[in-house]
Amino acid sequence: MRTLAILGPTASGKSAVAMSLAERSGEPTEILSIDAMQIYRGMNIGTAKPTADERSRVPHHLIDLVEPSEEYT
């Protein structure tokens, strides 16, 4: 199993690169988000969460796990 990390500043195109690579890989691929805000449900504006279509094409993890009112570290 290979693991690839795509790192960079906010709004630099990391998600688009990850989706492109995942769809072209030819093998089962999943995306693990480590964005501090994408973990919260309902915080869609300004977080650039993957769309429902993108999430159906490539499995994503650690998105929409907790309510903003919940303490989470």
Side-chain angles (χ1 to χ4, degrees):
M1 176 173 69
R2 294 183 308 170
T3 302
L4 173 66
I6 301 171
L7 308 170
T10 299
S12 62
K14 299 178 298 291
S15 295
V17 169
M19 281 296 297
S20 178
L21 290 172
E23 292 180 320
R24 295 185 303 151
S25 73
E27 56 190 65
T29 304
E30 299 184 15
I31 295 175
L32 175 67
S33 171
I34 57 170
D35 184 284
M37 299 313 289
Q38 288 185 359
I39 201 158
Y40 292 107
R41 292 185 196 113
M43 298 186 83
N44 300 337
I45 297 172
T47 61
K49 285 184 187 176
T51 64
D53 178 59
E54 290 169 331
R55 291 171 76 174
S56 71
R57 295 189 333 247
V58 177
H60 287 68
H61 301 278
L62 300 179
I63 296 176
D64 291 339
L65 295 182
V66 297
E67 294 296 329
S69 60
E70 294 179 61
E71 185 174 326
Y72 187 85
T73 62

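Atoms considered below: every heavy atom in the structure, side chains included; atoms not considered: hydrogens, waters and symmetry mates.
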Chemist: Could you tell me whether the side chain of Y40 reaches within less than 4.5 Å of the side chain of V66, counting heavy atoms only?
Modeler: yes
Chemist: With hydrophobic residues grouped by side-chain heavy-atom distances under 4.5 Å, do I39 and L32 end up in a single group?
Modeler: yes
Chemist: Indicate yes or no: at least one non-hydrogen side-chain atom of P50 is less than 4.5 angstrom from one of Q38.
Modeler: yes
Chemist: Would you say Y72 ends up clustered with M43 if hydrophobic residues are merged whenever their side chains have heavy atoms under 4.5 Å apart, either directly or through other cluster members?
Modeler: yes
Chemist: OG1 of T10 to CG of D35: how many Å apart, nearest 0.5 Å?
Modeler: 7.0 Å
Chemist: The test is side-chain contact (heavy atoms from CB on, under 4.5 Å); show your working for H60 and K49 and say whether it passes.
Modeler: CA-CA 10 Å; H60 287 68; K49 285 184 187 176; over 6 Å; no
Chemist: Under a 4.5 Å side-chain heavy-atom rule over Ile, Leu, Val, Met, Phe, Trp and Tyr, are I6 and I34 clustered together?
Modeler: no
Chemist: Run the side-chain contact (heavy atoms from CB on, under 4.5 Å) check on V58 and R55 step by step: do they pass?
Modeler: CA-CA 5 Å; V58 177; R55 291 171 76 174; over 6 Å; no
Chemist: Check L65 against R41 and note the closest heavy-atom contact, atom names and distance.
Modeler: O-NH2, 2.7 Å
Chemist: Are E54 and E23 close enough, and set up right, to give a side-chain contact (heavy atoms from CB on, under 4.5 Å), and what steps lead you there?
Modeler: CA-CA 10 Å; E54 290 169 331; E23 292 180 320; over 6 Å; no
Chemist: Grab the two heavy atoms, one from A22 and one from T29, that are nearest each other, plus how far apart they are.
Modeler: CB-CG2, 3.6 Å
Chemist: Is the backbone of E71 close enough, under 3.5 Å, to the side chain of T73 for a donor and an acceptor to pair up by distance?
Modeler: no
Chemist: Measure from the side-chain N and O atoms of K14 to the backbone N and O of G8, and report whether any donor-acceptor pair falls under 3.5 Å.
Modeler: yes
